[in-house]
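Notes for the one structure printed next.
Quick caveat: nothing in here was measured; it's all calculated off a predicted structure. Order of the sequence lines fixes the chain letters, A, B, ..., with proteins taken first and strands second; residue numbering starts at 1 for each chain.
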Protein chains: 2
Amino acid sequence: MKLDILTKTETLDIQKTIISKIRDLINAKNLEPGDKLPSERMLSEKFEVTRSNVREAIQKLEFYGLLKSIPQSGTFVANIGVTAMNGMIEDILRLEEPDFKSLVETRILLELKTARLAALRRTDDDLLKMKEALDAYTEKVLNGEDAVQEDLLFHLAIAKASGNSTMNTFMLIITPEIITNFEKYHVCDKDLAQSGIIEHQSIFDAIKDQKPQLAKQKMKEHFSVLYQYCYNI
Amino acid sequence: MKLDILTKTETLDIQKTIISKIRDLINAKNLEPGDKLPSERMLSEKFEVTRSNVREAIQKLEFYGLLKSIPQSGTFVANIGVTAMNGMIEDILRLEEPDFKSLVETRILLELKTARLAALRRTDDDLLKMKEALDAYTEKVLNGEDAVQEDLLFHLAIAKASGNSTMNTFMLIITPEIITNFEKYHVCDKDLAQSGIIEHQSIFDAIKDQKPQLAKQKMKEHFSVLYQYCYNI
DNA sequence: ATACAAAATCTGGTTAACCAATTACAGTTG
DNA sequence: CAACTGTAATTGGTTAACCAGATTTTGTAT
């Protein structure tokens, strides 16, 4: 029986409350970029929460670039004005958990772009890594084994070859969630994997031959089935 | 004079070392999805680091969906096989800090898409919020004041209206970094802001009239100057 | 031998004390 | 009076002890 351990949702609610209180405080005190916030201890006392709670809230705002903590000195308002600060905190507070449709939509957007960029920028080393991932995938499928992981690694190899570190990071962020949802909705079939070999090969060839438009086109075809599927869930 | 406080880079290096040791351990013990890792205390002893260090490393791997901590029970390998696990950890370890070019490239990709989606999906409430942001921006510019924040909030309002929570989150993540770099490289001029009024209005109208292709086109024109600029840095 | 119950142990999470660097200020000196 | 210096208070970060729930082990009765 649960007694006093807070659930993840409750913890998140506390965090959101603290964040909005920090926003109110910044507005009330008219703090501008570079100004110092009250210390963590004072905030925890003022808000009647633990210092850990305050720290987590600050770290979240730091992740979104709104605050900046400096050791043995204090926490400061980042170089963003109050207007943007208020707007962004509002957005952060209202952020929903990503739904499957939104994930797939974003993945396709990113993958079409990374395929195109990879065709333009891939190094020989990138090509080698992609070939390895492609071969591993092909072998698994031909053996009739599950190849979801190898599929995924081939796509991540393309993202890396795109030379865009931001898109690479974003792909890494959404990939595990995509996998989880794939398994939940049983998206991947064996016959899909079979046709996947040819499609992957086509994408690889286009990138190898440095044909950006073709690479994008082949990636689009690769996703066409998935796209339809996800819009019907 | 610095004595024994570690810099942020050193802390990050320790974290990367721990992450790769966790990967080695998973491989050595052939841990599969659902299997339990040794406790944080054991790991900290085995790796000869503090438990805090181990916790941070685990939390990072949890962020990327590779591990899952359950209170009073243990840390478990997520539902991702060893192959994908190894590949993703390799990618995570090699992740670079995002460069400005990569940020702008990604922003443009996202904004073209969110503009299009917003034209398709915007609610009346979305439209109202966008109008408010647009008016605030216009007023500032006409008064000859700096309007970077209002500019940004208009774009974030579009991202929200796109109805895609993942893209919305990604926009929030890159926005502060974009601002910082804008200020560093002095990207925004006053005359840019002037022409920005007309461009923003065009984008807004297209979204209001639910013309996705036009919205995308107007957004593209809005970014054309920026695009050229950033590729010359 | 088996089923069940109770206690000891182990777990991730939380908290409060502690750390060293910074900062503010009072005191001192020229 | 100004510049400097040493000391005390303040800061975010770190650590070790603690918490309560989960797990395993042990003991007991059937």
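For the atom pair CG of A/L25 and CD1 of A/I18, the computed distance is 12.5 Å after rounding to the nearest 0.5 Å. The structure places CD1 of A/I22 at 5.5 Å from CZ of A/F47, a figure rounded to the nearest 0.5 Å. Separation of atoms OG1 (A/T17) and NZ (A/K21) is listed at 6.5 Å; rounding is to 0.5 Å.
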Side-chain donor-acceptor pairs of residues 155-162 of chain B under 3.5 Å, sequence neighbours excluded:
from   : atom 1 : to     : atom 2 : distance (Å)
B/H155 : ND1    : B/E111 : OE1    : 2.9
B/H155 : ND1    : B/E111 : OE2    : 3.2
B/H155 : NE2    : B/D151 : OD1    : 3.2
B/H155 : NE2    : B/H200 : NE2    : 3.4
B/H155 : NE2    : B/H222 : NE2    : 3.3
B/K160 : NZ     : A/D91  : OD1    : 3.3
B/S162 : OG     : B/A159 : O      : 2.6
B/S162 : OG     : B/N164 : N      : 3.2

Show me, pair by pair, the donor-acceptor contacts under 3.5 angstrom made by side chains of residues 81-90 of chain B, not counting sequence neighbours?
from  : atom 1 : to    : atom 2 : distance (Å)
B/N86 : OD1    : B/N27 : ND2    : 2.8
B/N86 : ND2    : B/N27 : OD1    : 2.9
B/N86 : ND2    : B/V82 : O      : 3.0
B/E90 : OE1    : B/R23 : NH1    : 2.8
B/E90 : OE2    : B/R94 : NE     : 3.2
B/E90 : OE2    : B/R94 : NH2    : 3.0

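In the set D/dG21, C/dA20, C/dT23, C/dT23 carries the atom at the smallest distance from any side-chain atom of A/S73.
Regarding B/L37, its CG atom lies at a distance of 12 Å from the P atom of C/dT11, rounded to whole Å. Going from atom CD of B/Q72 over to atom P of C/dT11 covers 12 Å, rounded to whole Å. Here the P atom of nucleotide C/dG12 and the CZ atom of B/F76 are 8 Å apart, to the nearest Å. Rounded to a whole Å, the CD atom of B/Q59 is 10 Å from the C1' atom of C/dG13. Atom-to-atom, NZ of A/K36 to P of C/dA24 comes out at 6 Å; the value is rounded to the nearest Å. Between the C1' atom of C/dG13 and the CD1 atom of B/I70 lies a distance of 14 Å, rounded to the nearest Å. The CD-C1' distance, from A/E40 to C/dT14, rounds to 15 Å in whole Å. Taking atom CD1 on A/I58 and atom C1' on D/dG12, their separation rounds to 9 Å, with Å as the unit.
Pairs of residues two or more places apart, or lying in two chains, that qualify as side-chain hydrogen bond (donor to acceptor under 3.5 Å, both in side chains) and include a residue from residues 34-44 of chain A are A/E40-A/R51, A/E40-A/R55.
Residues that satisfy the salt bridge (Lys or Arg N to Asp or Glu O under 4.0 Å) test with A/D135, not counting sequence neighbours, are A/K131.
Between B/R121 and A/E105, at least one side-chain nitrogen of the basic residue sits less than 4.0 Å from a carboxylate oxygen of the acidic one, meeting the salt-bridge criterion.
Between A/S69 and D/dG12 there is no side-chain polar atom (N or O) within less than 4.0 angstrom of OP1 or OP2.
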With 3.5 Å as the limit, what N/O pairs link the protein to nucleotides 15-17 of chain D?
from   : atom 1 : to    : atom 2 : distance (Å)
D/dT15 : OP2    : B/T50 : OG1    : 3.4

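In the helix from C/dA1-D/dT30 to C/dG30-D/dC1, the terminal helix axes, each the rotation mapping four pairs' C1' atoms onto the next four within five end pairs, subtend 20°, rounded to 10°.
Annotation: A/F170 is in aromatic contact with B/F170 [ring centroid separation under 6.0 Å].
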